[in-house]
Structures are given as C-alpha cells and as structure tokens.
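Just below is one structure, and these are the notes that go with it.
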Amino acid sequence: NFGAVKRCSVYRDNNDLKRNLNIYVISENSDNNLVKSNQVIKSNLRTWLNSVRVMTDSIDIKDAKVLNIGIKFRAAVSRDADKQKILKEAIEALKEKFVTHPEIGESLMVTDIFKCLKDVEGIVDVLNTKIVTKTGELYAETSSRGYLSSDGRIFSVPFDTVWEIKNPDIDIEGVLI
C-alpha cells in the first residue's frame, strides 16, 4: 500500500503565463494525522491526470501545508457542578467535533466551538475561546499561519493550507469557573 490522497484542492494560477492548474494534495498516516503525500502517490496521480486532461492544460501537483492548532477555552458552570467531569465531557465533545479533517483552505468557524461547548450539560456560559498555533517536535513544520477575522468568529487559513488538531488530548485545553 503506497497510501492515498486524503484531501485535494485545485486552483488556477492566474499569475502564470500558461494559467497553470495547481493541485494541492495531502495524505493521512496510520495515526490519522495529515502528512505530505509521497512521490509515488503524486506520480500515480500525475499519470492518471495526464490520461484525462485537456492537452492545453498545464498541471502542477504541490504539497498542501499543514497548520497544527489547539483550542483553549474558558467556561462557566453552576456552583455545585462537578467541574472535572464537565471539563472532561467538554474536551471529548470538541475532540468528536473535530475528528474529521477539514478541506484544504477551509476556515474554522469559532462559533462552532462555542456551540459545541454550550451543548455540554453543566456548562452555563462559554466565556472565551482561543485558537493557538502549535509548533515544535510533535507538530508539522510550516511557515503558514491562520488569521482570525476582525469579529473573532472565523479562523481562516491560506488556500494551500489545511488546519489540524493533531494531538487533541493535549491540544484542547479548558478552564471551568
């Protein structure tokens, strides 16, 4: 098994004289984490594309960038609530919500985080959330970054980038008050 493409995105390069089609691809390893597609996968993809493309199409297959992120949140619970139990349930709810990888270039709706947390029994209010970029030995090497909209509701990434919560057990953190 040589692997497979997990996500793919196609953009026309209007700055190129040939108006090239750039295909951004990303694969998944055995731990369900996003990784660069290997050369065999890209070669097989190129062979297939050459058999079905229009002769005038010029195609480049490129690696999508991975941006590892984490979620930090602060929420309020009732006075007599079991904070440890509710915190565990809140983190599990977020892990379940984001188990599926997004598409390349897809934004993260911060409002989805608020909604997910508000649906956890025992949480009476979500005070704030924060999206953090994760870097270091355990994470993808990337020069890409995400951008929070001015109203704080949308976390956007560049068109050639896909975000991932790689280690949800440590990348999702919460505080309950």
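Note that the numbering runs from 1 along the sequence shown for the chain.
Once rounded to the nearest 0.5 Å, the distance linking CZ of Phe155 with CG of Leu67 reads 5.0 Å. Distance check: Lys62 NZ to Ile26 CD1 gives 14.5 Å after rounding to the nearest 0.5 Å. Note: Ile23 CD1 to Ser9 OG = 9.5 Å, rounded to the nearest 0.5 Å. Atom OG of Ser43 is separated from atom CD1 of Ile61 by 8.5 Å, given to the nearest 0.5 angstrom. How far CG of Leu148 is from NZ of Lys130: 10.5 Å, rounded to the nearest 0.5 Å. With rounding to the nearest 0.5 angstrom, the CG atom of Asp13 is 9.5 Å from the CG atom of Leu21.
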Enumerate, atom names and distances included, each donor-acceptor pair closer than 3.5 Å involving a side-chain atom of residues 80-88, sequence neighbours excluded.
{"from": "Asp80", "atom 1": "OD1", "to": "Ser78", "atom 2": "OG", "distance (Å)": "3.3"}
{"from": "Asp82", "atom 1": "OD1", "to": "Gln84", "atom 2": "N", "distance (Å)": "3.4"}
{"from": "Asp82", "atom 1": "OD1", "to": "Lys85", "atom 2": "N", "distance (Å)": "3.3"}

Enumerate donor-acceptor pairs with a distance under 3.5 Å from any side-chain N or O in residues 95-106 to protein atoms, sequence neighbours excluded.
{"from": "Lys95", "atom 1": "NZ", "to": "Glu92", "atom 2": "OE2", "distance (Å)": "3.0"}
{"from": "Lys95", "atom 1": "NZ", "to": "Asp169", "atom 2": "OD1", "distance (Å)": "2.4"}
{"from": "His101", "atom 1": "ND1", "to": "Glu28", "atom 2": "OE2", "distance (Å)": "3.1"}
{"from": "His101", "atom 1": "NE2", "to": "Asn32", "atom 2": "O", "distance (Å)": "3.2"}
{"from": "His101", "atom 1": "NE2", "to": "Glu164", "atom 2": "OE2", "distance (Å)": "3.2"}
{"from": "Glu106", "atom 1": "OE1", "to": "Glu103", "atom 2": "N", "distance (Å)": "2.8"}

Listed pairs under 3.5 Å, donor-acceptor, residues 108-117 side chains, sequence neighbours left out:
{"from": "Lys115", "atom 1": "NZ", "to": "Asp119", "atom 2": "OD2", "distance (Å)": "3.1"}

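The two residues Val120 and Ala93 make their nearest non-hydrogen contact at CG2-CB, 3.9 Å. For the pair Asn38 and Ile41, the tightest heavy-atom approach, listed with the atom from each and the gap, is OD1-N, 2.8 Å. Between Asp63 and Lys42, the closest heavy-atom pair is OD1-NZ, 2.9 Å. Taking both residues in full, the closest heavy atoms of Ile154 and Ser107 are given as CG2-CB, 3.7 Å, listed atom of the first, atom of the second, then distance.
In this structure, Arg74 has no salt bridge (Lys or Arg N to Asp or Glu O under 4.0 Å) partners at least two apart in sequence or on a different chain. For Lys134, the salt bridge (Lys or Arg N to Asp or Glu O under 4.0 Å) partners are Asp171, not counting sequence neighbours. Partners of Tyr24 according to the ring pair (Phe, Tyr, Trp, His ring centres under 6.0 Å) rule, which considers only residues two or more places apart in sequence or in another chain, are Phe159. For Lys6, the side-chain hydrogen bond (donor to acceptor under 3.5 Å, both in side chains) criterion is met by no residue, not counting sequence neighbours. With sequence neighbours left out, the side-chain hydrogen bond (donor to acceptor under 3.5 Å, both in side chains) criterion links Ser27 to Ser37. Residues meeting the side-chain hydrogen bond (donor to acceptor under 3.5 Å, both in side chains) test with Asn50, sequence neighbours left out: Arg53. Residues satisfying the side-chain hydrogen bond (donor to acceptor under 3.5 Å, both in side chains) test with Thr135, not counting sequence neighbours, are none.
Under a 4.5 Å side-chain heavy-atom criterion applied to ILVMFWY residues, the cluster that includes Tyr147 comprises that residue alone. Clustering of Ile, Leu, Val, Met, Phe, Trp and Tyr side chains at separations under 4.5 Å places Ile170 together with Leu138, Tyr139.
Looking only at side-chain heavy atoms (C-beta outward), Asn68 and Ile165 stay at 4.5 Å or farther from each other. A heavy-atom distance below 4.5 Å is found between the side chains of Leu176 and Phe73. In this structure, the side chains of Val162 and Val157 stay at 4.5 Å or more apart for every pair of heavy atoms.
Side chain of Asp31 to backbone of Asn33: no donor-acceptor contact under 3.5 angstrom is found. Judged by distance alone, the side chain of Asn22 and the main-chain N or O of Tyr11 form no donor-acceptor pair under 3.5 Å. A donor-acceptor contact shorter than 3.5 Å links the side chain of Asp151 to the backbone of Arg153. A donor-acceptor pair is defined here as one N or O able to donate and one able to accept, closer than 3.5 Å; no such pair exists between the side chain of Asp125 and the backbone of Leu127.
By the criterion of side-chain heavy atoms lying less than 4.5 angstrom apart, applied directly or through intervening Ile, Leu, Val, Met, Phe, Trp or Tyr residues, Val66 is not grouped with Val35; the two fall into different hydrophobic clusters.
Within 6.0 Å of NZ in Lys36 there are 12 or fewer heavy atoms belonging to other residues, nucleotides or ligands.
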Would Asn20 and Ile59 count as a side-chain contact (heavy atoms from CB on, under 4.5 Å) if you check the C-alpha gap in whole Å, the side-chain angles of each, and the deciding distance to 0.1 Å?
CA-CA 6 Å; Asn20 215 37; Ile59 298 172; 5.7 Å; no

